[in-house]
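Here the structure comes first, spelled out in structure tokens, and everything after it is commentary.
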Amino acid sequence: MSVVSLLGVEVKNNPAPFDAPYEFEITFECLEQLQKDVEWKLTYVGSATSNEYDQELDTVLVGPVPMGVNKFSFRADPPDLSRIPNSEIIGVTVILLSCSYQDREFVRVGYYVNNEYTEEALASEPPAKPVIEKVQRTILAEKPRVTRFAIKWDSEESAPAEFPPEQPEADLVADGDQYGIEEEEEEEEEEGEGAAVEGEDAAMAGADDTAGPANDEDAESEAGSEEIDIEESEDDDDEEEGEEGGDDDMEMDEGGGEKQAQQPAAQQQQGTDVMVH
């Protein structure tokens with residue numbers, strides 16, 4: 001379980017000129033008292049083909065973080081144009097808002113950003129060198145992509161389990177100790193009776209013709225029940241492993257985003273302003 005949960009991110013100036021600062025209002029909840037500050041970072045992806053053009057726009061340490069709902073404003077400078085290829089300035093790119101605790105990232109929010117000219121003439125025939133004064137950026141704030149990571153916080157108990165989790169004791173426990181013990185006893189009794197019947201029928205003429213098909217059907221029935229038990233056991237294990245897996249990527253739709261934005265407003269009286277330094 002994450003000690004810090006992101007409740008909502010509101011983009012303040014959107015749309016805005018390309019060279020305008022980025023402004024966010026971030027709301028998060030802290031479930032335990034943390035020993036260190038949390039670090040928020042904004043990264044601009046300068047190219048879709050190489051990460052060498054990625055820029056770290058700004059970082060901010062937030063703390064000490066009290067328990068409860070907290071809210072703060074994050075302001076970051078625009079990207080350095082000299083570090084972005086001219087062919088990559090106009091068009092769609094990505095910004096990443098991430099948060100880490102002791103250099104361990106536990107949440108990341110990605111936004112698509114569309115950079116386009118506001119004048120139709122420039123949009124239809126863009127110059128080789130972009131005219132930044134005429135470029136407007138639009139952040140698709142209603143469709144962020146949120147990724148969460150399980151990390152170790154202040155205690156060893158909070159460290160995430162290995163995936164897939166090791167279960168050395170699982171092979172030491174027989175299935176009969178958990179379920180199906182009565183079925184196994186019945187199968188053993190049937191096998192004993194079948195052996196006695198075979199001993200008696202061995203002295204009878206035509207015993208193979210009468211007892212053989214029935215025994216074959218019993219064997220097939222027993223084999224089928226064993227296969228079903230195994231499949232059910234494997235399905236249960238798969239479901240348990242699925243529950244213990246890492247965090248999945250999630251997309252917050254408009255409805256989810258509005259609910260998250262309203263929740264901090266309702267808890268604003270209980271929230272605590274945190275010191276940003």
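As a basis for the values below, the full set of heavy atoms in this structure was taken, side chains included, without hydrogen atoms, waters or symmetry mates.
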For [X] and [Y], which heavy atoms make the closest approach, and how far apart are they?
X	Y	answer
Gly46	Glu88	O-CB, 3.3 Å
Pro79	Leu57	CA-CD2, 3.6 Å
Gln102	Lys36	NE2-CG, 3.6 Å
Trp40	Cys99	CE2-SG, 3.3 Å

Review point. Looking at residues at least two apart in the chain, or sitting in another chain, which of them share a salt bridge (Lys or Arg N to Asp or Glu O under 4.0 Å) with Arg137?
Key: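 Applying salt bridge (Lys or Arg N to Asp or Glu O under 4.0 Å) to Arg137 gives none.
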Point to revise | Glu10: partners by salt bridge (Lys or Arg N to Asp or Glu O under 4.0 Å), with sequence neighbours left out | key: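 With sequence neighbours excluded, Glu10 shows a salt bridge (Lys or Arg N to Asp or Glu O under 4.0 Å) to Lys12, given in chain and number order.
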Practice item. Kindly write out the residues that satisfy side chain to side chain contact (heavy atoms under 4.5 Å, CB included) with Asn86, not counting sequence neighbours, or none if the list is empty. Key: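 Result, side chain to side chain contact (heavy atoms under 4.5 Å, CB included) vs Asn86: Ile89, Pro130.
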Exercise for review: Report the C-alpha distance between Val113 and Ile139 in whole Å, list the side-chain angles of each, state the deciding distance to 0.1 Å, and finish with yes or no for side-chain contact (heavy atoms from CB on, under 4.5 Å).
Suggested key: CA-CA 5 Å; Val113 181; Ile139 301 174; 4.1 Å; yes
Review point. Can you hop from Val3 to Val107 via hydrophobic side chains spaced under 4.5 Å?
Key: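 Linked within one cluster.
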Point to revise | side-chain contact (heavy atoms from CB on, under 4.5 Å) between Val94 and Tyr112, intermediate numbers included | key: CA-CA 5 Å; Val94 173; Tyr112 285 110; 3.8 Å; yes
Review point. Going by the angle between their ring planes, with limits at 30° and 60°, are Tyr44 and Phe18 parallel, tilted or perpendicular?
Key: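 Perpendicular: the ring planes of Tyr44 and Phe18 meet at over 60°.
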Review point. Which class fits the ring pair Phe28 and Phe72: parallel under 30°, tilted 30 to 60°, perpendicular over 60°?
Key: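 Phe28 vs Phe72 ring planes: perpendicular.
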Check your understanding: Any donor and acceptor pair, going by atom type alone, linking the side chain of Gln55 with main-chain N or O of Asp80 inside 3.5 Å?
Key ->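 Side chain of Gln55 to backbone of Asp80: a pair is present.
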Exercise for review: Start with the C-alpha distance between Ser2 and Trp153, add both sets of side-chain angles, then the distance that settles side-chain contact (heavy atoms from CB on, under 4.5 Å), and finish with yes or no.
Suggested key: CA-CA 8 Å; Ser2 179; Trp153 297 86; 3.5 Å; yes
**Study point:** side-chain contact (heavy atoms from CB on, under 4.5 Å) evaluation trace for Asp58 with Tyr22
**Key:** CA-CA 10 Å; Asp58 203 353; Tyr22 291 86; over 6 Å; no
